[in-house]
Visitor: 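The structure's right below; bear with me while I get my questions together.
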Amino acid sequence: MLLLRILGMWLLLAAAVVLVYDATLTLGAGGSFVSTSLGDLWRMLSPGSLKGTREALLSVAPDFVWSSVIAFALARSAWLVFAVLGVIVYWQGRRRRRVDIFAN
């Protein structure tokens, strides 16, 4: 559970970093909002791994997995994807409250 909370925090930190990057680009663009998609961010950081991941996934999964699910996520804003994943992963790793039930 601790590992999930740590991973969730890292994802939320990545979301904050990308949001600051987008804000910097927005200020440089004269005020029009700039949002970097997850696919564009991945292409900037490691274009070869994006192509390799696509080929590896297409070799083991049906084509609709890449064309519908993964392509949908890659077209979304990177900070939003990281934030949503971070919240979900952190929530899954949260500490459960102990409930004491006493029956007479």
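Everything numeric in this text was worked out from a predicted model, so none of it was measured.
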Visitor: Verify the neighbour count for atom CE of Met44: are there more than 12 heavy atoms of other residues, nucleotides or ligands below 6.0 Å?
Guide: yes
Visitor: Treat each ILVMFWY residue as a node, draw an edge where side-chain heavy atoms are under 4.5 Å apart, and state whether Leu7 and Val84 are in one component.
Guide: yes
Visitor: Same hydrophobic cluster for Val65 and Leu85, using side-chain heavy-atom links shorter than 4.5 Å among ILVMFWY?
Guide: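 Same hydrophobic cluster.
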Visitor: Could you go step by step and tell me if Ile6 and Met9 meet the side chain to side chain contact (heavy atoms under 4.5 Å, CB included) rule?
Guide: CA-CA 5 Å; Ile6 292 171; Met9 290 305 292; 5.8 Å; no
Visitor: Do the side chains of Thr24 and Tyr21 get nearer than 4.5 Å, heavy atoms only?
Guide: no
Visitor: Side-chain heavy atoms under 4.5 angstrom apart, residues restricted to Ile, Leu, Val, Met, Phe, Trp, Tyr: same cluster for Phe33 and Val17?
Guide: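 Looking at the clustering, Val17 is in a separate group from Phe33.
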Visitor: Mind listing the closest non-hydrogen atom pair of Asp22 and Ser35 along with its distance?
Guide: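 Shortest heavy-atom contact: OD2-CA, 3.7 Å.
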Visitor: Between Val20 and Trp79, does a side chain to side chain contact (heavy atoms under 4.5 Å, CB included) hold up when you go through it step by step?
Guide: CA-CA 9 Å; Val20 168; Trp79 69 267; over 6 Å; no
Visitor: In terms of heavy-atom contacts, does CZ of Phe72 have more than 12 from other residues, nucleotides or ligands at under 6.0 Å?
Guide: no
Visitor: With rounding to the nearest 0.5 Å, note down the distance linking CD1 in Ile88 to CG in Leu4.
Guide: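 It comes to 12.5 Å.
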Visitor: Search all heavy atoms of Gly86 against all heavy atoms of Leu11 and return the closest pair with its distance.
Guide: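 Residues Gly86 and Leu11, closest heavy atoms: CA-CB, 3.6 Å.
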Visitor: Under the 3.5 angstrom rule, does the side chain of Arg76 hit a backbone N or O of Ala73 as a donor-acceptor pair?
Guide: no
Visitor: Which pair of non-hydrogen atoms, one from Trp42 and one from Leu50, has the smallest distance, and what is that distance?
Guide: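 Minimum heavy-atom contact is CE3-CD1, 3.3 Å.
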Visitor: Nearest 0.5 angstrom please: Lys51 NZ to Glu55 CD, how far?
Guide: 5.5 Å
Visitor: Can you give me the closest heavy-atom contact between Ala78 and Val18, atom names plus distance?
Guide: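 The answer is CB-CG1, 3.7 Å.
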Visitor: For Gln92 and Met1, which heavy atoms make the closest approach, and how far apart are they?
Guide: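 Reported closest heavy-atom pair: O-SD, 3.9 Å.
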Visitor: Is there a chain of hydrophobic side chains (I, L, V, M, F, W, Y, each step under 4.5 Å between heavy atoms) that links Leu57 to Leu38?
Guide: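 The answer is yes; both residues are in one hydrophobic cluster.
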Visitor: Rounded at 0.5 Å granularity, tell me how far CG in Leu19 sits from OG1 in Thr36.
Guide: 10.0 Å
Visitor: List for me each residue that meets side-chain hydrogen bond (donor to acceptor under 3.5 Å, both in side chains) alongside Arg43, sequence neighbours excluded, and say none if there are none.
Guide: Asp40
Visitor: With clusters defined by side-chain heavy atoms of hydrophobic residues (ILVMFWY) lying less than 4.5 Å apart, directly or transitively, does Leu74 cluster with Leu45?
Guide: yes
